[in-house]
Q: 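Structure in structure tokens, see below.
Remember, it's 1-based here, ligands and their atoms both numbered in the order they're listed.
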Amino acid sequence: MAALKGPGAAETHDGSSLRIGIIHARWNTTIISALVDGTKKALKSQGVKEDNIVVESVPGSYELPLAVQRFYAASQVQGATSAVAGGVASMASGIGDLLGGSASQTDLQGSLQPKEPEQKSKDTGLKHAFDAVIAIGVLIKGETMHFEYIADAVSHGLMRVQLDLGIPVIFGLLTVLTEEQGLARAGLEGGTGKEAKGHNHGEDWGNAAVELGIKRRAWADGKLAS
Ligand SMILES: Nc1c(NC[C@H](O)[C@H](O)[C@H](O)CO)[nH]c(=O)[nH]c1=O
Ligand SMILES: CC(=O)[C@@H](O)COP(=O)(O)O
């Protein structure tokens, strides 16, 4: 019988034009690493290219809301800078065209020279602002009220950043009462090897980022599902 609880079958989308940011806390690293892996696996299965997944970390979950905000702003700066650089490059190539130098390279005597092989940039990823940011953290209840305060502050902080920025901020925050609960939700129930069981919630977060990234773009163009 299909599971009653959970997001159901993920919608499939072509994520090949998306640029996704992942920002994760480092507290409870074993669980975090599995969640980040699960997230990346889902992103890639929906067509997002490795080069277009940018991963950053912060010490703890409390740092996530500000980090998402600034991380996204950095991607906007990068997008604007590369657009300007692209404009200058195309102007330069236009000047080259006027001088007759774009199709072939000539030396001063005018003899035909072989064209230099095109320089392949090492960084081949997209440079536009992120289409979605996935915030990942794991809060485990301890002896004090620390957990409750952080869980509340981070949840509200991430929602606020999401609405302020108008971009999908995927809520990848586990708020669990025990380590076992955290391990199970990262697909690590029963161990970290082949025996590991449990649903890795990172996969849902990756799928949600692609779906929302694509839908937000369509909505921005006034396109609605018919
Ligand atoms: N207890 C957990 C924390 N605590 C650390 C805070 O998030 C924060 O880094 C610190 O207070 C400095 O501002 N973080 C988690 O991600 N998970 C926890 O279980
Ligand atoms: C970092 C703290 O404030 C720490 O004392 C929280 O303790 P607990 O996780 O046991 O509530």
Q: Distance below 4.0 Å between atom 5 (O) of ligand 2 and any protein heavy atom?
A: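 Flag for atom 5 (O) of ligand 2 set to false, no protein heavy atom closer than 4.0 Å.
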Q: A side-chain contact here means heavy atoms from C-beta on lying under 4.5 Å apart; do D131 and R19 qualify?
A: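 Result yes, sub-4.5 Å side-chain heavy-atom pair found.
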Q: With a 4.5 Å heavy-atom cut-off, do L126 and K49 have their side chains touching?
A: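 Not touching, per the 4.5 Å side-chain cut-off.
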Q: Using a 3.5 Å distance criterion without hydrogens, assess whether the side chain of N207 forms a donor-acceptor pair with backbone atoms of A10.
A: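 Pair absent, no side-chain N/O of N207 close to backbone of A10.
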Q: For atom 19 (O) of ligand 1, what's the nearest protein heavy-atom neighbour? Residue, atom name and distance, please.
A: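 Its nearest protein heavy-atom neighbour is I140 N, 3.2 Å.
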Q: Just so I know, are the side chains of I20 and N52 near enough to count as touching, which here means a heavy-atom distance under 4.5 Å?
A: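 They are not in side-chain contact.
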Q: Considering only the protein, which heavy-atom contact is closest to atom 1 (C) of ligand 2, and what is its distance?
A: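 Heavy-atom neighbour on the protein nearest atom 1 (C) of ligand 2: H146 CE1, 3.5 Å.
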Q: Number the atoms of ligand 1 from 1 as they appear, then name those within less than 4.0 Å of a heavy atom of I150, with their elements.
A: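 Near I150, the atoms of ligand 1 are 4 (N), 6 (C), 7 (O).
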Q: Do F71 and F130 have their ring centres less than 6.0 Å from each other?
A: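 Close enough - the centres of the two rings lie under 6.0 Å apart.
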Q: Is R70 salt-bridged to E56, cutoff N-O under 4.0 Å?
A: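 No, no charged N to carboxylate O under 4.0 Å.
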Q: In the structure I gave you, are the side-chain heavy atoms of Q162 and V68 within less than 4.5 Å of one another anywhere?
A: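 Not touching, per the 4.5 Å side-chain cut-off.
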Q: If you measure from atom 9 (O) of ligand 1 to every heavy atom of H146, E63, E179, K141, which option wins on shortest distance?
A: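 The residue whose heavy atom sits nearest atom 9 (O) of ligand 1 is E63.
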Q: At less than 4.0 angstrom from any non-hydrogen atom of N28, what atoms of ligand 1 do you find?
A: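 That gives atoms 17 (N), 18 (C), 19 (O) of ligand 1.
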Q: For atom 11 (O) of ligand 2, grab the closest protein heavy atom and report residue, atom and distance to one decimal in Å.
A: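 Ranking protein heavy atoms by distance from atom 11 (O) of ligand 2, first comes T144 OG1, 2.4 Å.
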Q: Using a 4.0 Å cutoff against the non-hydrogen atoms of V138, which atoms of ligand 1 qualify?
A: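 Per the distance check, 15 (C), 16 (O), 17 (N), 18 (C), 19 (O).
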Q: Of the protein's non-hydrogen atoms, which lies at the shortest distance from atom 15 (C) of ligand 1, and what is that distance?
A: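 I find the closest protein heavy atom is W27 CB, 3.3 Å.
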Q: Please list, in number order, the atoms of ligand 2 under 4.0 Å from a heavy atom of E143.
A: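 Counting atoms of ligand 2 from 1, those under 4.0 Å from E143 are 8 (P), 10 (O), 11 (O).
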Q: Measure across Y62 and V154 and return the closest heavy-atom pair with its distance rounded to 0.1 Å.
A: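 Taking every non-hydrogen atom into account, CA-CG2, 3.7 Å.
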Q: If we only count heavy atoms from C-beta on, is the D14 to I214 side-chain gap below 4.5 Å?
A: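 No, too far: nothing below the 4.5 Å cut-off.
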Q: Just to confirm my output: which protein heavy-atom neighbour is closest to atom 16 (O) of ligand 1, and how far is it?
A: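 It is S61 OG, 2.6 Å.
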Q: Just to confirm my output: which protein heavy-atom neighbour is closest to atom 9 (O) of ligand 2, and how far is it?
A: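 Of every protein heavy atom, G142 CA, 3.6 Å lies nearest to atom 9 (O) of ligand 2.
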Q: Number the atoms of ligand 1 from 1 as they appear, then name those within less than 4.0 Å of a heavy atom of Y62, with their elements.
A: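 Heavy-atom distances to Y62 below 4.0 Å select 6 (C), 7 (O), 8 (C), 13 (O).
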